[in-house]
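Values in this document were obtained by computation on a predicted structure and should not be read as measured data. Order of the sequence lines fixes the chain letters, A, B, ..., with proteins taken first and strands second; residue numbering starts at 1 for each chain. Just so you know, these numbers use all the heavy atoms, side chains as well, and skip hydrogens, waters and symmetry mates.
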Amino acid sequence: MAHDLQPVRGTRDLIGDDARRHFHVVDVARRIAATYGFDEWSTPIFEQTGVFARGLGDTSDVVMKEMYTFPDRGGESLTLRPEATAGICRALVSNGLTQSLPQKVFYTGPMFRYERPQKGRYRQFHQIDIEVLGSGEPLADAEVIACGWAILKALDVAKDVVLELNTLGDPESRAAYRTALITYFSAYKDQLSEDSQARLDRNPLRVVDSKDPGDKALVANAPTIHPYLNAASAKFYDDLRRHLDRIGVPVVENPRIVRGLDYYSHTAFEFVTSALGAQGTVLGGGRYDGLVEEMGGPHTPCVGWAAGVERLAMLLDAAPAAPKGVAVIPVGDAAEAVALDVVQALRDAGIRAEMGYRGTVKRRMERANRTGARAAIILGEAEIARGVAQLKDLETGDQAEVAIADLVSKLA
RNA sequence: GCGGAUGUAGCUCAGCUGGCAGAGCGCCAGGUUGUGGUCUUGGAUGUCGCGGGUUCGAGCCCCGUCGUUCGCCCCA
């Protein structure tokens with residue numbers, strides 16, 4: 001393949017089965033989210049760089065080294081969004097919606113991160129997002145998680161996935177835990193991996209989800225957050241677990257779950273699978289009470305998650321079947337006009353129908369078969385003169401004469 | 001950003017120690033002047049990812065580069 005026709009590294013085309021898998025995931029998520037009372041938003045694919053730089057926090061890798069940031073022709077620094085939440089929060093504030101809370105938002109679209117591509121990890125990838133903006137109640141967390149679980153069930157991938165749940169507590173609890181972790185790990189600093197030593201300074205919570213085998217031994221004896229939760233945070237977490245239990249969402253508590261982005265507090269969760277190699281998180285999120293304020297809006301507690309469409313699409317057992325239409329086949333030029341009327345009547349009735357642009361009957365039948373048509377309507381001049389057509393069922397091979405006027409009702 | 005594997009027809013892949021680029025599937029045409037799937041006959045495939053080097057000669061060896069992939073990192 002010529003170099004200049006190669007798709008850009010980490011991007012890909014969605015065609016055929018790949019496209020059907022992708023859109024099936026999005027369609028199902030959109031449908032289920034609507035059922036939970038979420039409204040779909042759409043915001044720009046790029047924002048002023050500050051929206052992400054301020055929103056995601058300056059310790060995250062996403063901000064430090066993965067953003068597609070560029071000056072536009074006016075000299076303003078813009079960034080292709082690496083995730084959806086910051087843009088949604090910006091839109092909430094820009095549109096004055098902090099006056100009408102809560103807002104329940106469904107979102108889907110492409111995101112961009114300059115990472116080393118791998119299976120399930122692309123530079124342009126797609127997410128589905130659910131956010132409840134403006135509620136600090138654990139019921140909102142429960143609803144958001146339940147909606148995610150419902151989508152995974154509707155996609156029939158829930159069997160491969162478990163929900164891992166943790167709490168990060170409120171800022172006070174989190175700060176206390178942070179201090180405890182620094183104290184604990186500092187005693188073993190030289191035994192930690194190089195990566196974790198760096199994390200210890202930058203973002204000590206991240207040390208507890210290290211995959212380094214040496215670190216894991218130390219992490220196993222590290223304190224969990226629970227003793228450091230203040231009363232309000234502990235109650236919040238208890239309430240959430242009670243709600244999830246009531247709704248029937250199976251939970252595995254995992255005190256090692258820490259979200260990558262800085263703005264989280266209280267609830268943190270991931271739906272994980274072992275079926276996708278290193279890219280095990282299929283849906284992840286949590287509560288981010290400080291983000292809107294961080295961005296310059298009023299204090300607005302929020303909770304939400306993002307799911308990777310590509311990862312979900314890979315978990316699907318099989319690609320959804322291609323739609324089956326009806327092939328209308330004229331025999332001879334004079335029949336084409338009537339055939340055109342027939343296709344139009346079928347389409348007007350909501351039936352997927354196609355008439356080939358050219359070709360012999362044989363060619364048109366071959367195409368009908370190849371494209372998975374369920375039936376063929378063969379229209380010859382002799383039939384047209386009598387007001388009938390041959391209707392052939394392409395699965396059984398049965399063929400019968402049907403009045404042209406009855407074709408639509410026969411195929412509905 | 002780091003380490004490993006890999007790249008040959010539209011697809012999946014074979015190609016020996018360096019010696020004329022192949023198979024299956026798919027595609028195109030015929031067997032069927034108005035009927036698909038099965039069968040049958042014939043046909044077309046290509047910058048061997050790209051660029052250098054070694055050699056009488058490179059798909060094969062060497063260097064570089066681009067893409068993919070596995071792990072790390074990070075994350076959805």
J.: Could you tell me how far B/A21 sits from B/G59 if I compare only their P atoms? Round to whole Å.
T.: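 Per the computed distance, 8 Å lies between those P atoms.
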
J.: Which whole-number value in Å describes the distance from A/R367 CZ to B/A29 C1'?
T.: 19 Å

J.: Given atom CZ of A/R121 and atom C1' of B/G1, what is their separation to the nearest angstrom?
T.: 11 Å

J.: Between B/U69, B/A76, B/U35, which one does the side chain of A/I378 approach most closely?
T.: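 Output: B/U35.
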
J.: Given atom CG of A/L192 and atom P of B/C73, what is their separation to the nearest angstrom?
T.: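 Between P of B/C73 and CG of A/L192: 14 Å.
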
J.: Hey, does the side-chain of A/K362 have a donor or acceptor N/O within less than 3.5 Å of a partner on the base of B/G36?
T.: no

J.: I want to check one thing: is the phosphate of B/G71, taken as OP1 and OP2, less than 4.0 Å away from some side-chain N or O of A/Q118?
T.: yes

J.: Check this for me: does any side-chain nitrogen of one of A/E47 and A/R81 sit under 4.0 Å from a carboxylate oxygen of the other?
T.: no

J.: To the nearest angstrom, how far is A/K119 atom NZ from B/U6 atom P?
T.: 18 Å

J.: Using the P atoms only, state how far B/G22 lies from B/G43, rounded to an integer number of Å.
T.: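 Approximately 14 Å lies between the P atom of B/G43 and that of B/G22.
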
J.: Considering only atom C1', compute the distance from B/G19 to B/C60 and round it to an integer number of Å.
T.: 11 Å

J.: For A/F271, answer base if it contacts any base atom (sugar-phosphate contacts may also be present), sugar-phosphate if it contacts only those atoms, and nothing otherwise; contact means non-hydrogen atoms under 4.0 Å.
T.: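 Counting heavy atoms under 4.0 Å across all strands, no contact is made by A/F271.
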
J.: Applying a 3.5 Å limit to both distances, which nucleotide forms a Watson-Crick or G-U wobble pair with B/A14?
T.: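 Paired with no nucleotide.
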
J.: Who is the Watson-Crick or G-U wobble partner of B/A58, with both distances under 3.5 Å?
T.: none

J.: Are A/R242 and A/D245 within salt-bridge range, i.e. N to O under 4.0 Å?
T.: no

J.: Salt bridge or not for A/K159 and A/D317, using N-O below 4.0 Å?
T.: yes

J.: Compare side-chain N and O positions of A/R363 against OP1 and OP2 of B/C27 and report whether any pair is under 4.0 Å apart.
T.: no

J.: At 4.0 Å (heavy atoms only), tell me whether A/G332 reaches a base, stays on the sugar-phosphate, or touches nothing.
T.: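 Here A/G332 touches no strand at all.
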
J.: Using atom C1' in both nucleotides, what's the gap between B/G10 and B/A44 to the nearest angstrom?
T.: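 Straight-line distance between the two C1' atoms is 13 Å.
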
J.: For A/A306, report the nucleic acid contact type (base, sugar-phosphate, nothing); a contact means any heavy atom under 4.0 Å.
T.: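 Sugar-phosphate, no base atom in range.
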
J.: Is it true that A/D156 and A/K153 have a side-chain N and a carboxylate O under 4.0 angstrom from each other?
T.: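 Answer for the salt bridge query: no.
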
J.: Check whether the side chain of A/E395 and the base of B/G37 form a donor-acceptor pair under 3.5 Å.
T.: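 Side chain to base: no pair present.
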
J.: When you check the gap from the basic side-chain N to the acidic O, do A/R21 and A/D18 get nearer than 4.0 Å?
T.: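 Salt bridge between A/R21 and A/D18, a charged N being under 4.0 Å from a carboxylate O: no.
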
J.: To the nearest Å, give me how far apart CE (A/M314) and C1' (B/U68) are.
T.: 14 Å

J.: Between A/H126 and A/D398, just flag the one whose closest nucleotide in RNA chain B comes earlier from the 5' side.
T.: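 The residue closer to the strand's 5' end, by nearest nucleotide, is A/D398.
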
J.: Distance between the P atoms of B/G42 and B/C25, in whole angstroms?
T.: 14 Å

J.: Atom pairs under 3.5 Å, N or O on each side, protein against nucleotides 38-42 of chain B: can you list them with distances?
T.:
none

J.: What integer number of Å spans the P atoms of B/G64 and B/C2?
T.: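 Pairwise P distance, B/G64 against B/C2, rounds to 14 Å.
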
J.: Name the closest nucleotide to the A/R206 side chain, picking from B/C70, B/A76, B/C74.
T.: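 The nucleotide sitting nearest to the side chain is B/C74.
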
J.: In whole Å, what is the span from the CZ atom of A/R12 to the P atom of B/A76?
T.: 18 Å

J.: State plainly whether the residues A/E366 and A/R370 are in salt-bridge range, i.e. N to O under 4.0 Å.
T.: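 Between A/R370 and A/E366 there is no salt bridge, as every charged N stays at least 4.0 Å from the carboxylate O atoms.
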
J.: Please determine, for the side chain of A/Q127, which listed nucleotide (B/U69, B/A76, B/G67) has the closest atom?
T.: B/A76

J.: Counting the atoms with a prime plus P, OP1 and OP2 as sugar-phosphate, which does A/G10 contact under 4.0 Å by heavy atoms, base, sugar-phosphate, or nothing?
T.: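 Result for A/G10 = sugar-phosphate.
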
J.: Given the structure, check if the side chain of A/R116 and the base of B/G3 hold any donor-acceptor pair shorter than 3.5 Å.
T.: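 A donor-acceptor contact between them is present.
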
J.: For B/G37, does the base pair up with any side-chain atom of A/N369 as donor and acceptor (N or O, under 3.5 Å, distance only)?
T.: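 Between B/G37 and A/N369, which were checked side chain against base, a qualifying N/O pair under 3.5 Å is absent.
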
J.: Could you tell me whether A/E40 and A/R30 make a salt bridge, using a distance below 4.0 angstrom between a side-chain N and a carboxylate O?
T.: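 The answer is yes: the pair qualifies as a salt bridge.
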
J.: If B/A5 has a Watson-Crick or G-U wobble mate with both distances under 3.5 Å, name it; if not, just say none.
T.: B/U68

J.: Counting heavy atoms from C-beta on, name the nucleotide in B/C75, B/U68, B/G34 closest to the side chain of A/R311.
T.: B/C75

J.: Quickly work out the A/E66 CD to B/A76 C1' distance and round it to whole Å.
T.: 12 Å

J.: Can you tell me the pairing partner of B/G46 across any strand shown, Watson-Crick or G-U wobble, with both distances under 3.5 angstrom?
T.: none

J.: Could you tell me the Watson-Crick or G-U partner of B/G36, where both distances fall under 3.5 Å? Say none if there is no partner.
T.: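 B/G36 is unpaired by these criteria.
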
J.: Determine, for A/K65 against A/E115, whether the closest basic-nitrogen to carboxylate-oxygen distance falls under 4.0 angstrom.
T.: no

J.: Does the pair A/E310/A/K119 count as a salt bridge with the N-to-O cut at 4.0 Å?
T.: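 Salt bridge flag = no for A/K119 with A/E310.
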
J.: Determine the interatomic distance between C1' on B/U8 and the same-named atom on B/G24; round to the nearest Å.
T.: 15 Å

J.: Calculate the interatomic distance between A/E115 atom CD and B/A76 atom P; express it in whole Å.
T.: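 Rounding to the nearest Å, CD of A/E115 and P of B/A76 are 9 Å apart.
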
J.: Do the side-chain N or O atoms of A/R370 get closer than 4.0 angstrom to the phosphate oxygens (OP1, OP2) of B/G37?
T.: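 False: A/R370 side-chain N/O out of range (4.0 Å or more) of B/G37 OP1/OP2.
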
J.: Should A/D239 and A/R241 count as an ion pair when the cut-off is N to O under 4.0 Å?
T.: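 Salt bridge flag = no for A/R241 with A/D239.
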
J.: What I want to check is whether an N or O donor and acceptor connect the side chain of A/R199 with the base of B/C73 at under 3.5 Å.
T.: no

J.: Using 4.0 Å as the upper bound for N to carboxylate O, is an ion pair formed by A/E401 and A/R386?
T.: yes

J.: Would you say the base of B/U35 and the side-chain of A/Q390 have a donor-acceptor pair closer than 3.5 Å?
T.: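 Flag unset: no donor-acceptor pair detected.
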
J.: Using atom C1' of each nucleotide, how far apart are B/C16 and B/G52 to the nearest Å?
T.: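 Here B/C16 and B/G52 have their C1' atoms 27 Å from each other.
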
